Each structure stands twice: as C-alpha cells, then as structure tokens.
Amino acid sequence: MLIPRRVGQTGHEFEHDARALGRTKVACVRVPSVPPPPGGFPVCFMLHPFGGDRRSWERQMPGVLAEFGEELVFVLPESGRRWFMNDVSGRRYEDYLLEDLLPAVEEAFPVAREACSRIIGGFSMGGAGAVHLALRHPDVFSRAFAMAGAFFASEREGDPYAGLRGGTCMMPTQAEHERVWGPPGSDVRRAYDTARLVEAARVGGGPALALEVGTEDYPRVVEMNRRMHRLLVASGLSHTYEEHPGDHGWAYAARAASRLLGRLLATPPRGAALGGRATTCALG
C-alpha cells in the first residue's frame, strides 16, 4: 500500500511497504514543480553516509537539491548505520531499494522507467554503495557518482580510524563495520568486493561513473579513491575522476555533488539522447 505524505509543494515523505525489510519504510521524494516531460522525469537516488538518514541531504546540501530540482525527481532513502546492501545480519537493503522502493516510486510519481533515465549517487558509505549497486545492476542504473566513496570496505580489518575517535570522525568502528560486512573472508565481503564488481562490469560494459575525493580527506579514503580510479582505467570502464580541495565533510560533499550531477546530466548514457541539459531516453 502506497501512502504518500506531502511536505510543502514539491516534497514528500513517502511511506511505502518494504517487504525485503519486513516493515514499512519512509523515504523523502522531491518532485519538480513543473509538468513532467513525456515519459516522466529522470530520477536520482541519493544515498547518505554512515549514520545519516533520509533528511541528511535536505539539511546539509539544500542548494544541490534546488539546483537540479526542476530537472530530476530526487529519491532520498535511509539505512542509518547500515550499508545499502544485503548484509551479513540478514538486513536486505539492496533488495529493498530495487524490489520495494523503486517500484513504489514509479507507481506513485511521474518518473521515467528506463535505466537511461536513472542516476544513483552518494557520499562516503553512500557513494561506494551507489557505485556498487550500479555495477551490480547496470540494467537498472545507467549512471552513478560518488563523493569520497568508501571503496574497498570489503578489505577492511580492525579499525583504521581508531586514532581519530572523539572528534568529528564519521567512520564506523570495527564492531559497526563487521555487523554489516561480517569478518574478513565472509560471503558478503566477496559479494560486494569492488575489484570483483569492476571486473564483472567490464565484460558487459557497465554504467557511466563519476568520482571525486577531497585532497584533505582521510589518507585512507583518498588512496581508496585513487585505487578505484586506477582500477577503472585498467578495466576500460567509462568514468571521470577528480580531486579538489576539501575534507570528509558535508561542505565539500555539496560542492562535489553539484559538479558530479552536472557532469552526468551532460553525459548521455547508452541508449539515450540528450534533450536540453537533462538526459532523456529514446522512449517508445
């Protein structure tokens, strides 16, 4: 059962069934105030960082949502301190996004239903999750972006951020990490291993990717993003990669999100043609 709850003129708190999670969930959905084009609006799923929620984007980067708010329907789900994946504890957030939330949004809002009209992106945990989902499901998402993506989390052991606790560190502890990923060598770690996903996507072509990281971010995060760039270059997958001044904070993420979304909207995915600034598919 779909129960949209309107907030303001163009925003919704969207309550919907989440069978994969065994309960009802709420996501924020922002809809342009202009009439939809034929076939519906392109849609952008935005995944928050560790510890965030569905309102994180509206609190931290309202300017980005406003900048693209007449071109895209934004879908802002939440997983709190869980990754957007089917984790070792049995929480099925990947299945929730694909099997519950996406069909519910398509039923309730005027969005296009082709992969070439869908973008997914995120920050930190959400950035890696967005890229993982696009690599695993290029038939669902044609483009993905990540700000300071926490790539290669499947390889993490212990707590490499232990010395940073007590400040503004946004990174999960070892216990928080392993309750999602399991211990080193787990089936979940193998399923979401970034190198494996890139190699599998290379065979089929994969989605278009846009990545950024701040040069003052945690050294481990900077190196993970540089390693991801090297891996994508070696694989031949379509992507852009840039580094800009900034740390692992929301101010940098907002600047990066504006750049990355603008870049992806100007990049026609496979099977699409550009119409104005926003991408539209060849519908029929």
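Keep in mind that this is a model prediction, so the values were computed, not measured.
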Problem - Aromatic ring proximity, centroids under 6.0 angstrom, His12 and Phe14 - result: no
Practice task
Would you confirm whether Glu70, through its side chain, and Ser33, through its main-chain N or O, come within 3.5 Å as a donor-acceptor pair?
Solution key: yes
Handout entry: Donor-acceptor contact present, side-chain Arg143 to main-chain Cys116, <3.5 Å
Key = yes
Practice task
List the atom of Phe50, the atom of Arg81, and the distance in Å for their closest heavy-atom pair.
Solution key: CE2-NH1, 3.0 Å
Problem - Nearest heavy-atom neighbours spanning Val213 and Ala148 - result: CG2-CA, 4.1 Å
Handout entry: Met147/Ser124 under side chain to side chain contact (heavy atoms under 4.5 Å, CB included): CA gap, chis, key distance, verdict
Key = CA-CA 6 Å; Met147 297 86 73; Ser124 192; over 6 Å; no
Exercise for the section: Describe, in one word, how the ring planes of Trp250 and Phe123 are oriented to each other, choosing from parallel (under 30°), tilted (30 to 60°) and perpendicular (over 60°). Expected result: perpendicular
Contacts table for residues 196-212: side-chain donor-acceptor under 3.5 angstrom, sequence neighbours left out:
| unit_1 | atom_1 | unit_2 | atom_2 | d |
| --- | --- | --- | --- | --- |
| Glu199 | OE1 | Arg202 | NE | 3.3 |
| Glu199 | OE2 | Arg202 | NE | 3.4 |
| Glu199 | OE2 | Arg202 | NH2 | 2.7 |
| Glu212 | OE1 | Tyr252 | OH | 2.8 |
| Glu212 | OE1 | Arg259 | NH2 | 3.0 |
| Glu212 | OE2 | Arg259 | NE | 2.7 |

Practice task
Report the distance from atom CD of Gln60 to atom CG of Leu65, rounding to the nearest 0.5 Å.
Solution key: 11.5 Å
Problem - Heavy-atom side-chain proximity of Tyr192 to Ser154 below 4.5 angstrom - result: no
Problem - Flag side-chain contact, heavy atom, 4.5 Å: Met85 against Met125 - result: no
Exercise for the section: May I ask you to decide if Asp53's main-chain N or O and Ser56's side chain share a donor-acceptor pair within less than 3.5 Å? Expected result: yes
Practice task
Ignoring hydrogens and angles, tell me if any N or O in the side chain of Asp247 forms a donor-acceptor pair with the backbone of Glu216 under 3.5 Å.
Solution key: no
Exercise for the section: Could you tell me which non-hydrogen atom of Ala128 sits nearest to which non-hydrogen atom of Trp83, and how far apart they are? Expected result: CB-CZ3, 3.8 Å
Completion exercise
On a heavy-atom basis, the closest approach of Ala146 and Val131 is CB-CG2, 4.0 Å
Completion exercise
The side chain to side chain contact (heavy atoms under 4.5 Å, CB included) partners of Ala254 (sequence neighbours excluded) come to Met61, Val64
Handout entry: Backbone of Leu76 reached by a side-chain donor or acceptor of Trp57 within 3.5 Å
Key = no
Practice task
Please lay out, stage by stage, how Arg179 and Val88 fare under the test side chain to side chain contact (heavy atoms under 4.5 Å, CB included).
Solution key: CA-CA 7 Å; Arg179 76 176 185 179; Val88 73; 5.8 Å; no
Practice task
Verify, without hydrogens or angle tests, whether Ser186 (side chain) and Trp181 (backbone) share a donor-acceptor contact under 3.5 angstrom.
Solution key: yes
Exercise for the section: Could you tell me whether a side-chain N or O of Arg91 sits under 3.5 Å from a main-chain N or O of Val180, the two making a donor and an acceptor? Expected result: no
Handout entry: Residue pair Thr194, Met228: steps toward the side chain to side chain contact (heavy atoms under 4.5 Å, CB included) verdict
Key = CA-CA 8 Å; Thr194 300; Met228 181 63 164; 3.5 Å; yes
Practice task
Measure the acute angle between the ring planes of Tyr93 and Tyr96, then classify it against the limits of 30° and 60° as parallel, tilted or perpendicular.
Solution key: perpendicular
Problem - side chain to side chain contact (heavy atoms under 4.5 Å, CB included) partner of Val75, the single match among Leu47, Val105, Leu102, Leu97 - result: Val105
Handout entry: side chain to side chain contact (heavy atoms under 4.5 Å, CB included) against Arg227, all qualifying residues, sequence neighbours excluded
Key = Phe152, Glu155, Glu223, Arg230
Practice task
Check whether any side-chain heavy atom of His239 sits under 4.5 Å from a side-chain heavy atom of His229, and report yes or no.
Solution key: yes
Exercise for the section: Kindly indicate whether the side chain of Phe109, heavy atoms from C-beta on, has any atom under 4.5 Å from the side chain of Val29. Expected result: yes
Practice task
Answer yes or no: is there a side-chain heavy-atom contact under 4.5 Å between Phe68 and Pro42?
Solution key: no
Exercise for the section: Determine, stepwise, if the pair Arg118 / Glu106 fulfils salt bridge (charged side-chain N to carboxylate O under 4.0 Å, His left out). Expected result: CA-CA 11 Å; Arg118 299 193 198 106; Glu106 290 182 339; 2.8 Å; yes
Practice task
Could you give me the CA-CA distance, side-chain angles and deciding distance for Arg92 and Asp100, then say whether salt bridge (charged side-chain N to carboxylate O under 4.0 Å, His left out) is met?
Solution key: CA-CA 11 Å; Arg92 294 164 46 214; Asp100 298 325; over 6 Å; no
Problem - Main-chain N/O of Gly149 paired with Asn225 side-chain donor or acceptor, under 3.5 Å - result: yes
Practice task
List the atom of Leu231, the atom of Ala195, and the distance in Å for their closest heavy-atom pair.
Solution key: CD2-CA, 3.7 Å
Practice task
Of all the heavy-atom pairs spanning Gly185 and Arg189, show the shortest one and how long it is.
Solution key: N-CD, 3.9 Å
Problem - Sidechain-backbone polar pair: His48 side chain, Ser79 backbone, donor-acceptor under 3.5 Å - result: yes
